[in-house]
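Each ligand, and each atom within it, is numbered from 1 in the order the structure gives.
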Amino acid sequence: MPEHKQFGTRAAHAGRIDVPTTTRPVSMPIYQTSVYAFPDLDLVEAVQEGREKGYLYARNGQPNAEALEVAYAELEGGEAGISAATGMGAIFAVLFGLLEAGAHAVVTRDIYGATYALFEQQLSRYGVNRTYVDTNDLGAVAAAIRPETKLVYVESISNPTVKVADLPGLAQLCRERGLKLVVDNTFASPFVLRPLEHGAHVVISSATKFLGGHSDLMAGVAAGERESLTKIRQALVLNGAMLDPFAAWLTVRGTKTLHLRVERQCSNALALARFLNGHPKVEVVNYPGLAGHPLLRNGAGAMLSFAVRGGLAAANRLIRGLELAEFVPSLGDVTTTVSHPVLTSHRAMSPEQRAGLGITENLVRVSTGIEAVEDIIADFDRALSGV
Ligand SMILES: Cc1ncc(COP(=O)(O)O)c(C=O)c1O
């Protein structure tokens with residue numbers, strides 16, 4: 001800024017430089033700007049029409065979010081992707097993008113509590129009808145389909161009882177009946193399971209969990225066929241739940257080590273599940289790796305749950321007794337954490353609904369971290385001895 005301008009003018013415009021583009025920064029810069037400047041109206045029009053690549057206003061798209069969207073679509077094998085401020089932001093965009101008043105969805109009974117609340121408390125107000133079924137019973141899914149059904153919604157590995165969805169069977173049924181199969185892949189992560197490879201149309205993840213991996217961000221992503229993703233993006237942009245540049249940047253950084261973290265987290269989960277299985281203070285252990293499952297690769301995921309003998313009081317004593325594993329109503333961190341679905345993630349469901357799904361007051365959910373497995377097992381061993 002020329003020196004003959006007033007101090008305040010120079011201050012307001014200070015630091016405006018053109019960054020040379022001959023070399024590429026190895027770590028993508030954080031584009032901490034809400035808006036982009038245009039030299040003239042010709043370029044505005046060209047960018048709006050898609051003739052020139054450029055960014056306009058960060059709610060419509062920005063480089064860090066786009067980097068994450070490309071990364072997630074690539075890891076899941078999708079044609080296109082979107083990112084949102086949270087996992088629920090992504091689920092909201094998917095459901096509002098693909099459903100309308102009068103439409104019907106067949107939804108898994110084994111569903112994250114907030115997604116259930118989104119269907120029951122919000123989509124219901126806009127005239128979207130829902131039927132909840134055991135989506136691994138393909139006969140029940142087929143029987144629930146109506147002429148106005150638009151999609152089937154499942155979790156690849158369910159929260160919190162870690163049931164693995166029959167994705168090939170559901171995908172075939174959806175293809176035959178002209179429906180979209182939408183899969184929340186948060187618990188598995190694309191390292192363990194890639195629903196699009198089994199015929200799903202749209203896959204969603206709360207990137208707050210394994211993709212981010214360090215409990216330091218909130219983000220959501222979705223990927224899949226371009227036609228659906230275009231509608232989903234329109235819903236997302238108008239809903240305004242866009243991801244901010246720093247959270248997008250952090251998520252991409254987390255994603256680079258997803259395979260290393262989750263590989264270790266899966267082997268730790270298997271060892272812990274084997275330890276808990278048959279333990280005298282444990283009634284039941286849910287972990288798909290105990291019996292093995294053909295859809296899961298690179299391990300059976302880092303999520304397990306178990307029922308401790310002695311009801312809610314015993315679960316409370318266990319949680320108090322754990323030293324390494326903290327009670328955290330989230331998952332996917334590099335440290336081992338535990339949660340209590342009845343009091344947190346599945347609060348929105350009635351006690352009868354929860355009981356039907358095996359979500360009991362003594363159920364503790366575990367997200368295994370990357371620590372030395374001996375230390376994780378010793379922590380649970382000691383805490384269980386005090387239950
Ligand atoms: C399976 C599943 N899907 C979606 C979400 C929502 O993600 P977020 O908390 O990032 O909105 C969660 C959060 O716990 C979850 O467990």
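Protein heavy atom at the shortest distance from atom 1 (C) of ligand 1 is Asp184 OD2, 3.5 Å. Taking atom 5 (C) of ligand 1 as the reference point, the nearest protein heavy-atom neighbour is Tyr112 CE2, 3.4 Å. Among protein heavy atoms, the minimum distance from atom 11 (O) of ligand 1 is reached at Met88 N, 2.8 Å. The protein non-hydrogen atom at the shortest distance from atom 8 (P) of ligand 1 is Gly87 N, 3.4 Å.
Side-chain contact, Ser83 with Glu69: a donor N or O sits under 3.5 Å from an acceptor N or O. A donor-acceptor pair shorter than 3.5 Å cannot be found between the side chains of Ser228 and His201. In summary, the side chains of Ser205 and Asn185 do not present any donor paired with an acceptor at a separation below 3.5 Å, with no hydrogens or angles considered.
Ligand 1 has a nitrogen or oxygen under 3.5 angstrom from a nitrogen or oxygen of Lys209. Considering backbone and side-chain atoms alike, Arg365 places every N or O at 3.5 Å or more from each N or O of ligand 1. An N or O contact shorter than 3.5 Å is missing between Gly89 and ligand 1 by distance. Ligand 1 has no nitrogen or oxygen under 3.5 angstrom from a nitrogen or oxygen of Thr115.
Ion pairing between Arg51 and Glu49 fails under the 4.0 Å rule for side-chain N and carboxylate O. One finds a salt bridge joining Arg382 and Glu323 here, because a Lys/Arg side-chain nitrogen approaches an Asp/Glu carboxylate oxygen to under 4.0 Å. A salt bridge links Lys180 with Glu225: at least one charged nitrogen is closer than 4.0 Å to a carboxylate oxygen. Salt-bridge formation is detected for the pair Arg297/Glu197: a Lys NZ or Arg NE/NH1/NH2 atom is positioned less than 4.0 Å from an Asp or Glu carboxylate oxygen. Between Lys150 and Glu100, at least one side-chain nitrogen of the basic residue sits less than 4.0 Å from a carboxylate oxygen of the acidic one, meeting the salt-bridge criterion.
Residue Asn159 holds the heavy atom nearest to atom 16 (O) of ligand 1 of all those in Ile157, Asn159, Leu118, Ile111.
Shown in contact with Ile91 at under 4.0 Å from a heavy atom are these atoms of ligand 1, numbered in order with element: 4 (C). Residue-ligand proximity, Met218 to ligand 1, at heavy-atom distances under 4.0 Å covers atoms 9 (O), 10 (O).
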